[in-house]
Number of protein chains: 2
Amino acid sequence: MTLKELSDLLGLSPTTVSRALNGYPEVSEATRKKVAAAARTHGYAPNTRARALATGRAMAIGHVIPISAKHEMVNPIFADFTAGAGEVYSRNGYDMLMSVVSDDDEEQAYRSFATKRNVDGLIIHAPSLNDGRIPFLNDLGLPYVVHGRSSNATAPYAWVDVNNTRAFQRATELLLDLGHQRIALLNGLEHMDFAARRRAGYEAALASRGINPDPSLMFSGEMTEAQGHDLTRSLLARPDRPTAILVSSIIMAIGVRRGIEELGLTLGRDVSLITYDDDLSYFRNGTDIPVYTATRSSVREAGRRAAQMLIDIINGKDSPTELLLEAELTLGMSTGPARRD
Amino acid sequence: MTLKELSDLLGLSPTTVSRALNGYPEVSEATRKKVAAAARTHGYAPNTRARALATGRAMAIGHVIPISAKHEMVNPIFADFTAGAGEVYSRNGYDMLMSVVSDDDEEQAYRSFATKRNVDGLIIHAPSLNDGRIPFLNDLGLPYVVHGRSSNATAPYAWVDVNNTRAFQRATELLLDLGHQRIALLNGLEHMDFAARRRAGYEAALASRGINPDPSLMFSGEMTEAQGHDLTRSLLARPDRPTAILVSSIIMAIGVRRGIEELGLTLGRDVSLITYDDDLSYFRNGTDIPVYTATRSSVREAGRRAAQMLIDIINGKDSPTELLLEAELTLGMSTGPARRD
DNA sequence: CGTCGAATCCAAAGCGGTTTGAGGGGTTAT
DNA sequence: ATAACCCCTCAAACCGCTTTGGATTCGACG
């Protein structure tokens with residue numbers, strides 16, 4: 001069913017039918033009703049491609065999902081972020097176009113979005129401290145929103161981020177208040193902006209209590225369960241082992257727990273743990289009492305906010321283009337006072 | 001840069017340029033080279049929308065991601081499946097269009113894909129035993145591939161699935177061989193096809209050893225960490241507690257482990273556990289020795305296969321439209337012989 | 001009764017490609 | 001020299017929609 005067929009059926013011109021359906025004022029309310037009814041009964045909806053061609057707007061947002069070439073790993077928060085963003089897109093009539101590429105040719109993917117003109121905007125993930133995509137996209141001239149920030153970027157850009165520094169500072173302070181002095185940090189890759197900020201928060205909290213951060217207690221790497229486990233095992237095997245561990249991802253925290261328990265120790269009593277919690281839908285941190293004490297911020301909500309910001313930008317609204325979400329610190333069963341040796 | 005601009009630049013007609021770029025034989029090799037070079041240096045790529053309109057092919061595949069309305073939960077395997085499918089799409093020049101909808105109006109989403117003609121095919125997930133989407137999509141006339149099967153479907157359809165029955169039968173047999181008699185099953189929602197098949201496999205194995213399945217050991221529900229934990233706690237509190245647990249998801253298995261250890265028991269010694277493992281990239285089951293004994297099948301590979309099958313169907317190749325993958329049973333550290341009481 | 005304006009509706013020109021059907025130029029056979 | 005033929009190339013139509021710039025109708029007003 002095309003517009004022309006529908007208009008023939010109604011004895012109207014395509015113009016009128018198009019206007020009726022798109023809510024233009026030049027058409028009488030009576031015809032509008034008639035047209036709308038006919039469209040519904042005949043199951044007519046405008047062909048997206050034709051409409052996009054005519055309007056110059058693709059009504060689609062692009063997401064590039066880079067796959068770490070070496071580890072073949074998908075970022076686990078991606079599903080939830082996507083779900084949040086997707087909600088907002090649907091509500092606003094946008095499609096979500098996803099491009100899965102190995103992280104070497106990510107730029108190529110953006111360029112291709114731009115030249116093929118099949119999206120109106122982009123969301124980019126996981127920025128590094130000095131992310132080359134920002135100047136690149138500024139040149140490209142396609143609106144975009146960054147999920148996260150890039151501290152060393154010079155050009156302005158729109159972003160939605162969590163206050164990672166504050167979150168880790170507060171978490172560290174809580175551990176210090178509980179009497180912990182040797183606190184390990186199992187962080188993500190620190191060339192990533194979020195990880196660098198988390199470390200800064202951790203160090204700031206230590207510094208404010210006059211404690212020098214001990215490099216041998218700080219780790220930066222892929223946030224996998226296995227990493228969490230292995231690092232914990234080696235940390236706890238040391239004579240000067242830490243009494244508390246600060247972890248950047250709940251998945252890693254699961255590995256930490258396994259490591260602790262393999263040694264016959266008890267989480268929250270022998271060793272304390274605070275983790276960052278993205279509030280992933282398939283891995284909720286307990287139902288009533290949280291399993292882990294955590295700094296939590298919903299990545300799905302971040303997805304919603306980023307999507308809305310991008311749509312606003314595309315539509316030329318001049319709403320704010322920077323949004324800093326705060327994480328909440330929730331007490332769970334993985335923390336307790338430091339024990340005297 | 002449009003085709004016309006490029007052709008003006010080259011002093012050729014749009015026709016010739018288009019043919020040159022699309023590999024038609026009517027154009028000389030010399031011009032083809034020249035055109036290709038110019039396209040590259042000027043960064044020209046055909047506008048997807050215009051091309052789609054002209055050819056009648058969208059060069060895009062639709063995925064509908066239903067969000068469980070009550071639990072706001074995204075299927076955790078979705079990210080990895082998507083990553084696998086996306087690889088194949090990129091390689092074949094297809095885009096991936098994702099539509100996130102509440103699971104009530106999923107049909108509406110398919111219908112909208114069909115009438116708006118912005119995809120050439122669909123992949124559908126998580127079929128139930130008698131999935132209404134299959135007859136619906138057969139009517140709709142848009143090619144599709146099902147990830148999973150729908151046992152009670154009458155009409156034919158293309159699918160990629162894992163042999164869930166065999167996987168759970170073998171897992172149960174292994175536990176029986178280890179001397180376990182009381183084996184609990186923590187399954188997914190059994191109106192879902194995969195869960196029904198897993199249960200059938202479990203029951204078949206018990207039956208072949210003359211054991212009557214005990215309904216009080218069988219559970220069907222959302223496969224969350226919390227569920228795994230809570231069910232394990234209540235199972236192990238019983239006087240006639242099971243000595244082994246069969247679990248449908250590695251995420252749930254993590255909860256089971258937590259429950260076991262909270263009771264001061266040891267996994268693999270006091271209680272055995274076998275889990276289904278989708279080989280999720282962000283939750284690999286151990287590095288060298290698997291943490292959990294598991295029936296494993298890569299959902300990412302399933303994504304690749306399903307995508308390839310769909311593309312073949314769209315292109316009218318008559319390759320097979322049914323694919324049953326086998327899961328491998330890998331021995332990890334969560335199983336051991338049943339202990340005499 | 002003629003004129004004006006508002007209210008409707010329409011024809012036609014794009015949007016940026018692909019594709020059909022035909023034409024132009026250069027070789028070779030007659 | 002002409003015809004026959006092969007290569008290349010092109011003009012124009014078309015895909016399905018939006019949108020500009022009229023055209024038409026009708027009631028109101030002077």
Side-chain angles (χ1 to χ4, degrees), chain A residues 1-36 38-39 42-60 93-95 112-120 315, chain B residues 1-36 38-39 42-60 93-95 112-120 315:
Chain A
M1 167 80 27
T2 72
L3 182 64
K4 180 148 176 18
E5 285 166 21
L6 185 65
S7 63
D8 285 353
L9 218 75
L10 282 161
L12 291 172
S13 79
T15 311
T16 307
V17 176
S18 168
R19 298 202 137 141
L21 292 174
N22 291 313
Y24 280 71
E26 297 93 333
V27 48
S28 76
E29 207 44 52
T31 10
R32 189 189 307 286
K33 284 235 176 73
K34 222 177 303 169
V35 171
H42 293 83
Y44 169 79
N47 180 315
T48 316
R49 312 185 301 239
R51 159 181 278 192
L53 185 56
T55 57
R57 308 189 50 183
M59 292 309 284
Y94 280 83
D95 290 323
S112 145
F113 272 146
T115 61
K116 288 160 61 187
R117 315 237 122 235
N118 53 357
V119 301
D120 298 320
N315 292 331
Chain B
M1 166 82 26
T2 73
L3 181 64
K4 179 145 180 16
E5 286 166 22
L6 184 65
S7 62
D8 285 353
L9 219 76
L10 283 161
L12 291 173
S13 80
T15 313
T16 306
V17 175
S18 168
R19 297 202 135 139
L21 291 174
N22 291 312
Y24 281 70
E26 297 92 331
V27 48
S28 75
E29 208 45 50
T31 11
R32 188 189 309 287
K33 285 237 177 69
K34 221 176 304 166
V35 171
H42 294 83
Y44 168 79
N47 180 315
T48 315
R49 310 183 304 236
R51 160 182 276 193
L53 185 57
T55 58
R57 308 190 50 185
M59 292 310 283
Y94 281 82
D95 289 324
S112 143
F113 271 147
T115 60
K116 285 160 61 185
R117 316 238 121 233
N118 54 358
V119 301
D120 298 320
N315 292 330

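- Within the nucleic acid shown, Thr55(A) comes within 4.0 Å of sugar-phosphate atoms alone, with no base atom in reach, counting heavy atoms only.
- Contact between Tyr44(A) and Thr2(A) at its shortest, heavy atoms only, is CE1-C, 3.6 Å.
- As a whole-Å value, the separation of Asn22(B) CG from dT19(C) P is 7 Å.
- If you measure from atom CG of Leu53(B) to atom P of dG14(C), you get 17 Å, rounded to the nearest angstrom.
- If you take OG1 on Thr15(A) and CD on Glu26(A), they are separated by 10.5 Å, rounding to the nearest 0.5 Å.
- From the 5' end on, the contacts that DNA chain D makes with chain B at under 4.0 Å to a non-hydrogen atom open and close at dC8(D) to dG16(D).
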- Task: Evaluate the criterion side-chain contact (heavy atoms from CB on, under 4.5 Å) for residue pair Leu12(A) and Arg19(A); output intermediate values, then yes/no.
- Result: CA-CA 11 Å; Leu12(A) 291 172; Arg19(A) 298 202 137 141; over 6 Å; no

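- Checked by atom type and distance alone, the side chain of Arg49(A) pairs as donor or acceptor with a backbone atom of Arg117(B) at under 3.5 Å.
- End-to-end axis angle for the helix from dC1(C)-dG30(D) to dT30(C)-dA1(D), using five pairs per end and rounding to 10°, comes out at 70°.
- Taking 4.0 angstrom as the limit, Tyr44(B) places a side-chain polar atom (N or O) nearer than this to OP1 or OP2 of dG17(C).
- Residue Arg57(A) contributes atom CZ, which lies 23 Å from atom P of dG14(C) at whole-angstrom precision.
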- Task: Decide yes or no on side-chain contact (heavy atoms from CB on, under 4.5 Å) for Tyr24(A) and Arg32(A), but give the supporting numbers first.
- Result: CA-CA 10 Å; Tyr24(A) 280 71; Arg32(A) 189 189 307 286; 5.8 Å; no

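- Using a 4.0 Å heavy-atom cutoff across all strands shown, Thr2(B) reaches sugar-phosphate atoms only and no base atom.
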- Do Glu5(B) and Leu9(B) pass the side-chain contact (heavy atoms from CB on, under 4.5 Å) test, and can you show the C-alpha distance, the side-chain angles, and the key distance before you say yes or no? CA-CA 6 Å; Glu5(B) 286 166 22; Leu9(B) 219 76; over 6 Å; no

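- Considering only heavy atoms from C-beta on, Val35(B) comes within 4.5 Å of Leu21(B) through its side chain.
- Along DNA chain C, the nucleotide closest to Pro46(B) and the one closest to Val17(A) are compared, and the more 5′ of them pairs with Val17(A).
- For the pair Ser7(B) (side chain) and Val17(B) (backbone), a donor-acceptor distance under 3.5 Å is absent.
- With values rounded to the nearest 0.5 angstrom, Lys116(B) atom NZ is found 4.5 Å from Asp95(A) atom CG.
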Name the pairs: protein N/O against N/O of nucleotides 6-9 of chain C, kept only if under 3.5 Å.
residue, atom, partner, partner atom, Å
dC9(C), OP2, Thr31(A), OG1, 3.0

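- What separates CZ of Arg49(A) from P of dG14(C) is a distance of 23 Å, to the nearest Å.
- Note on Asn47(B): every side-chain N or O is 4.0 Å or more away from OP1 and OP2 of dC15(C).
- Counting to the nearest Å, the P atom of dG17(C) and the CG atom of Leu6(B) are 9 Å from each other.
- When only modelled atom types and interatomic distance are considered, Arg51(A) and Asn118(B) share no side-chain donor-acceptor pair under 3.5 Å.
- No donor-acceptor distance shorter than 3.5 angstrom exists from the side chain of Ser18(B) to the backbone of Pro14(B), with no hydrogens or angles considered.
- Mapping Ala50(B) and Arg51(A) onto DNA chain D by nearest heavy atom places Ala50(B) closer to the 5' end of the strand.
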